[in-house]
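First up is the structure itself, then whatever we jot down about it.
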Amino acid sequence: MIRAYDKDWAGNKTVETCQSGTLEMYNTSTTPTSGLFDAKLQVISTPDPEARGSIYHFTCTYTTDEPHTGTCTLTFQEPPKKVGPALVSIHLRDVAPVDGVCIAASATIVGNYFYDSRQVAAGVYAFYAPAH
């Protein structure tokens, strides 16, 4: 049995990686009035070959106080995996109106995931993505 703080406990390891990918917002028909939308993050570049190509789906909201920041929770992953909860903030960059709709040129995603029965450690991450 490995206990917390034993030298082989996974929670004792720090991993530093730089990831990038794409961000797509969907289910946006009521976003202008409700602030709700869904977001899909696809990992394109990462040192972890198992994570490359993974897709994470989030349900998000923004407020009129911070219209260029979405607060999101993980809803599911492709391919499906038993992962713990995750929360992210999506900071939309270079937002401009296009045909009456605000479009972001890119986004910075900052998030965290929590230690639980499906996750061997907790962590935070930053992810950079062009918006689609």
Side-chain angles (χ1 to χ4, degrees):
M1 174 188 215
I2 296 176
R3 298 184 192 282
Y5 306 112
D6 284 350
K7 70 176 183 66
D8 293 325
W9 181 58
N12 288 337
K13 297 181 176 124
T14 299
V15 177
E16 295 179 14
T17 65
C18 182
Q19 296 185 353
S20 63
T22 59
L23 168 68
E24 178 182 342
M25 295 169 64
Y26 62 100
N27 292 336
T28 58
S29 63
T30 64
T31 303
T33 56
S34 69
L36 298 171
F37 62 95
D38 290 311
K40 178 174 87 169
L41 297 173
Q42 182 170 11
V43 179
I44 302 296
S45 176
T46 178
D48 180 359
E50 288 188 32
R52 198 169 296 123
S54 291
I55 299 171
Y56 301 90
H57 293 265
F58 294 86
T59 297
C60 307
T61 189
Y62 73 89
T63 65
T64 55
D65 297 347
E66 295 186 74
H68 297 158
T69 301
T71 302
C72 312
T73 187
L74 180 66
T75 53
F76 66 99
Q77 178 182 346
E78 298 176 62
K81 288 186 178 178
K82 291 183 177 183
V83 295
L87 300 173
V88 300
S89 292
I90 300 174
H91 303 274
L92 301 172
R93 304 280 183 231
D94 303 320
V95 177
V98 176
D99 298 325
V101 177
C102 291
I103 303 293
S106 64
T108 301
I109 298 99
V110 177
N112 56 13
Y113 54 93
F114 307 97
Y115 174 82
D116 76 356
S117 62
R118 296 161 292 178
Q119 195 74 22
V120 298
V124 296
Y125 54 90
F127 187 97
Y128 304 96
H132 286 136

query = Is there a side-chain contact between L92 and L23, using heavy atoms and a 4.5 Å cut-off?
reply =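 The answer is yes; the side chains approach within 4.5 Å.
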Contact check, side chains of L74 and F58, non-hydrogen atoms, under 4.5 Å: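 Result yes, sub-4.5 Å side-chain heavy-atom pair found.
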Practice item. Measure the spacing between SG of C60 and CG of D38 and express it to the nearest 0.5 Å. Key: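 Result: 7.0 Å between the selected atoms.
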Roughly how far apart are K40 NZ and E78 CD, rounded to 0.5 Å?
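Answer for the NZ-CD pair, K40 versus E78, is 6.5 Å.
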Given the options T73, N112, I109, V88 meets side-chain contact (heavy atoms from CB on, under 4.5 Å) only with I109
Nearest non-hydrogen partners of [X] and [Y], listed with the distance:
| X | Y | value |
| --- | --- | --- |
| S54 | Q77 | OG-NE2, 3.9 Å |
| I44 | G21 | CG1-CA, 3.5 Å |
| S89 | T69 | CB-CG2, 4.5 Å |

Can you check whether [Y]'s main-chain N or O pairs, donor with acceptor, with [X]'s side chain at less than 3.5 Å?
| X | Y | answer |
| --- | --- | --- |
| T75 | H57 | yes |
| Y62 | T31 | yes |
| T61 | G35 | yes |

Please answer: with hydrophobic residues joined when any side-chain heavy atoms are less than 4.5 Å apart, are V43 and I55 in the same cluster?
no
message = Would you say V95 ends up clustered with I90 if hydrophobic residues are merged whenever their side chains have heavy atoms under 4.5 Å apart, either directly or through other cluster members?
response =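 The answer is yes; both residues are in one hydrophobic cluster.
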Point to revise | Atom CD of E66: over 12 foreign heavy atoms under 6.0 Å | key: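 No - once you tally the heavy atoms of other residues, nucleotides and ligands closer than 6.0 Å, there are 12 at most.
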